[in-house]
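Following: one structure in structure tokens, then a few remarks.
As the structure is a prediction and not an experimental result, all values here were calculated from the model. We name chains A, B, ... by the order of the sequence lines, and we start the count at 1 in each one.
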Number of protein chains: 2
Amino acid sequence: MKISSAESVIMEALWRKTPLTSEAIIAEVGEPNGWTEGTVKQLISRLLKKKAIAAQPDGRRYLYSPLLARRDYVQAESQGLLDRLFDGRLAPLVTQFSEGGKLSDEDVAELKALVERISK
Amino acid sequence: MKISSAESVIMEALWRKTPLTSEAIIAEVGEPNGWTEGTVKQLISRLLKKKAIAAQPDGRRYLYSPLLARRDYVQAESQGLLDRLFDGRLAPLVTQFSEGGKLSDEDVAELKALVERISK
DNA sequence: CTCGATCGATGACGTTTGTCAACAATGGCG
DNA sequence: CGCCATTGTTGACAAACGTCATCGATCGAG
């Protein structure tokens, strides 16, 4: 099942720290996003329905944990973008940022080191 | 205005070849996506409303052209993904693909050459 | 035991998206 | 000149999304 943009904010909170109660999630993402308690609860419910997170009983409340690994999510999202926009190739994406002047010197240095290491 | 996933297929067709009549667009994207003529027409209308494309009269029909440059679209989408998932940094994205075993030798070679050139 | 606070479940509602079909205008063919 | 085909405009409708409030169960305090 597909995870929506608002839902992914909840996922990110759970990936940062797991498990969390709904109260903690609300505290974590409510304020920054201007969401009421009801909104966050609804997002949690939808994530449960989508089997993206699990709820384990803890007294009278639940502790929520991700069922979907962040790595897998990120991998799928990235691959999707690459396929849709760059014909599945990574180099053109890097070129895009480079030409857009979006690469800091540090970015370039990091990339350089990274590529060196990979190609060893 | 945001361009939806289905709409972007129309955009891609127009970026490939511009301008196109609706008939040509339908021929281009209808079949591969299993869309009827009505569906494609609706997508064209919405893109017009979103000012993502323009229509110039040509006899009794229109010729459609993108108003949004592919480069800008791709840049925005890529930046968005990077910000959302990689804290705005490019190197971690490359790492992600590398660790996922998603990089072919050719990819690595390309990247290497690219980084060399950029860092000169 | 009773009452109030808390928590999850659910209903609600407007907007966007995906998908089509129906209709109206219009131009060309016979 | 009248009819048909083509093209754009609109209406439709279900599903997903963003957002929020209400309701019912339940647990703990008094």
Exercise. Check whether any side-chain nitrogen or oxygen of B:Lys50 sits under 4.0 Å from OP1 or OP2 of C:dT17, and answer yes or no.
Key: yes
Quiz item: Whole Å only: how far is the CG atom of B:Asn33 from the P atom of C:dG18?
Solution: 11 Å
Quiz prompt | Proximal nucleotide (of D:dT10, D:dG8, D:dT7) relative to the B:Tyr62 side chain | solution = D:dG8
Self-check item: Reference residue B:Tyr64; test side-chain contact (heavy atoms from CB on, under 4.5 Å); the match among B:Thr21, B:Leu14, B:Leu20
Solution: B:Leu14
Quiz item: In whole Å, what is the span from the CD atom of B:Gln42 to the C1' atom of D:dT7?
Solution: 15 Å
Quiz item: Under 4.0 Å: is that the gap between some side-chain N or O of A:Ser22 and OP1 or OP2 of C:dG8?
Solution: yes
Practice problem: Whole angstrom is fine here: how far is it from CD in B:Glu37 over to P in D:dG8? | Solution: 10 Å
Quiz item: Considering only heavy atoms and no angle criterion, is a donor-acceptor pair shorter than 3.5 Å present between the side chain of B:Arg46 and the base of C:dG18?
Solution: yes
Quiz item: Are the side chain of B:Ser98 and the backbone N or O of B:Val94 linked by a donor-acceptor pair below 3.5 Å?
Solution: no
Exercise. In whole angstrom, give the distance that lies between atom CD1 of A:Ile3 and atom P of D:dA16.
Key: 15 Å
Exercise. Rounded to the nearest angstrom, tell me the gap between atom CD1 in A:Ile26 and atom P in D:dA21.
Key: 13 Å
Exercise. Please figure out whether A:Arg60 or A:Gly38 has its closest DNA chain C nucleotide nearer the 5' end.
Key: A:Arg60
Quiz prompt | Distance, rounded to the nearest Å, where B:Ile10 contributes CD1 and C:dT17 contributes P | solution = 14 Å
Practice problem: Examine distances only and state if a side-chain atom of B:Glu7 and a backbone atom of B:Ser4 form a donor-acceptor pair shorter than 3.5 Å. | Solution: yes
Quiz item: Which listed nucleotide (D:dG18, C:dG8, D:dT7) is nearest to the side chain of A:Lys41?
Solution: C:dG8
Practice problem: Rounded off to whole Å, could you give me the CG-to-P distance for the B:Leu48 and D:dT7 pair? | Solution: 16 Å
Quiz prompt | Interatomic distance where CH2 belongs to A:Trp35 and P belongs to D:dG18 [whole Å] | solution = 8 Å
